[in-house]
Amino acid sequence: MKLPFSPEHNPPGAVIGDFRVQAVLQRLHGAAAGQRLQIVRRFVPALLRGSLLRRRASAAEMSELAKDLYLPLSPEQGAMCYLVARALGARRIVEFGTSFGISTIYFAAAVRDNGGGLVIGTELVPEKVAQARANLREAGLEAFAEIREGDALQTLQGPLGTIDMVLLDGWKDLYLPVIRMLGPQVRPGGVVIGDNIFTFKRDLAPYVAYMQDPANGFRSSTLHLADGTEFSVRV
Ligand SMILES: C[S@@+](CC[C@H](N)C(=O)[O-])C[C@H]1O[C@@H](n2cnc3c(N)ncnc32)[C@H](O)[C@@H]1O
């Protein structure tokens, strides 16, 4: 029996219909898939230590642990992001947590295919920023993305214009402060995607509660996509 999201049905980037972009996404998703064991080996001890000592790893410690790890959106999430961005006619997309630029490539392709615009990404680790830019160049999408190096709370400060779509995929303690900062700039009908809702259920509970409280201006639901994807629409 074939799974609904088997690679045969859903090769990375196929939905974009651009062989240059597709080739880069396939290479990057392949490299990321090869890191699964490393992720377990590196993160499980750190998470266990954290829970035993009741101290969470800091953002800098987490980034050091993950400095060569992709930790990307799944190909299905990437396809969904591309399609939603196309449906919205998105021209301005903001991304918290760029890593090596896999999600950025899906968004930049959507912005280009919508007639032009900009993806504003942000990433703490300088080597990842450099590699994300190189990957965007290889995909022919460098004109549609700007990767800001540093902490999202600084790099995404200030007016960014009217935002059509946001991806939250950095370390989990900042989802809530980042969306509080960006939320007022998200246009009605704009979409916010939050990743890793099940894996970091406890850390992300305040974020999910905020997005699902209509008083905060969103309608939101947790989708069983990848390891939990919060899908929120600004109303
Ligand atoms: C899960 S990965 C992002 C994966 C990426 N969205 C993709 O699909 O390829 C998270 C990244 O967020 C970065 N990050 C975490 N906290 C950050 C912060 N405060 N500001 C900027 N980047 C941050 C980490 O260094 C890490 O590379």
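Remember, it's 1-based here, ligands and their atoms both numbered in the order they're listed. Any value given below was found using the heavy atoms of this structure, including those in side chains, with hydrogens, waters and symmetry copies removed. Only a predicted model underlies this, so the values are computations on that prediction, with no experimental measurement involved.
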How close does the nearest protein non-hydrogen atom get to atom 12 (O) of ligand 1, and which residue and atom is it?
G97 CA, 3.3 Å
Of all protein heavy atoms, the one nearest atom 21 (C) of ligand 1 is G150 O, 3.2 Å
When you measure from atom 8 (O) of ligand 1 to every protein heavy atom, which one gives the shortest distance, and what is it?
L73 N, 2.9 Å
I'd like to know if the side chain of R20 reaches the main chain of E138, judged simply by a donor and an acceptor atom lying under 3.5 Å from each other, with no hydrogens or angles considered.
yes
Which ligand 1 atoms are under 4.0 Å away from a heavy-atom of T98?
5 (C), 9 (O)
Pairs of nitrogen or oxygen atoms closer than 3.5 Å, one from V125 and one from ligand 1: do any exist?
no
Are the side chains of Y175 and F96 in touch, meaning some heavy atoms are under 4.5 Å apart?
yes
Proximal ligand 1 atoms for K128, defined as those under 4.0 Å from one of its heavy atoms
26 (C), 27 (O)
Is G78 in contact with ligand 1, taking contact as a heavy-atom separation below 4.0 Å?
no
If the cut-off is 4.0 Å to any non-hydrogen atom of D151, which atoms of ligand 1 fall inside it?
18 (C), 19 (N), 20 (N)
Out of L71, L174, D169, L168, whose heavy atom is nearest to atom 10 (C) of ligand 1?
D169
Do the rings of F100 and Y70 sit parallel, tilted or perpendicular, given the 30° and 60° boundaries?
tilted
For S63 and ligand 1, answer yes if some heavy atom of the residue is under 4.0 Å from a ligand atom, otherwise no.
yes
Could you tell me the residue and atom name of the protein heavy atom closest to atom 11 (C) of ligand 1, and the distance to it rounded to 0.1 Å?
E123 OE1, 3.6 Å
Any non-hydrogen side-chain atom of F43 less than 4.5 Å from a side-chain atom of L69?
yes
Measure the shortest side-chain to side-chain distance between D169 and I193 over non-hydrogen atoms and say whether it is less than 4.5 angstrom.
no
Taking atom 23 (C) of ligand 1 as the reference point, the nearest protein heavy atom with its distance:
L124 CG, 3.7 Å
Do the side chains of R187 and D164 get close enough for a salt bridge, i.e. N-O under 4.0 angstrom?
yes
Shortest protein contact, atom 20 (N) of ligand 1 (heavy atom only):
A152 N, 2.9 Å
Given E95 and T122, is the side-chain hydrogen bond (donor to acceptor under 3.5 Å, both in side chains) satisfied, shown in steps?
CA-CA 6 Å; E95 173 183 81; T122 189; over 6 Å; no
Min N/O separation F96 to ligand 1 under 3.5 Å
no
Which residue and heavy atom of the protein sit nearest atom 7 (C) of ligand 1, plus the separation
S103 OG, 3.2 Å
Member of T229, D195, I102 meeting the side chain to side chain contact (heavy atoms under 4.5 Å, CB included) criterion with L73:
D195
Could you find the nearest protein heavy atom to atom 16 (N) of ligand 1 and give me its residue, atom name and distance?
W171 CD1, 3.3 Å
Answer with yes or no whether Y70 contacts ligand 1, where contact means a heavy atom under 4.0 Å from a ligand atom.
yes
Between E230 and T222, is any side-chain donor less than 3.5 angstrom from a side-chain acceptor?
yes
For ligand 1, which atoms have a heavy atom of I102 less than 4.0 angstrom away?
9 (O)
Taking the side chain as C-beta and beyond, is there a heavy-atom pair between I163 and L182 under 4.5 Å?
yes
Will you find, in the side chains of N135 and R27, an N or O donor that is under 3.5 Å from an N or O acceptor?
yes
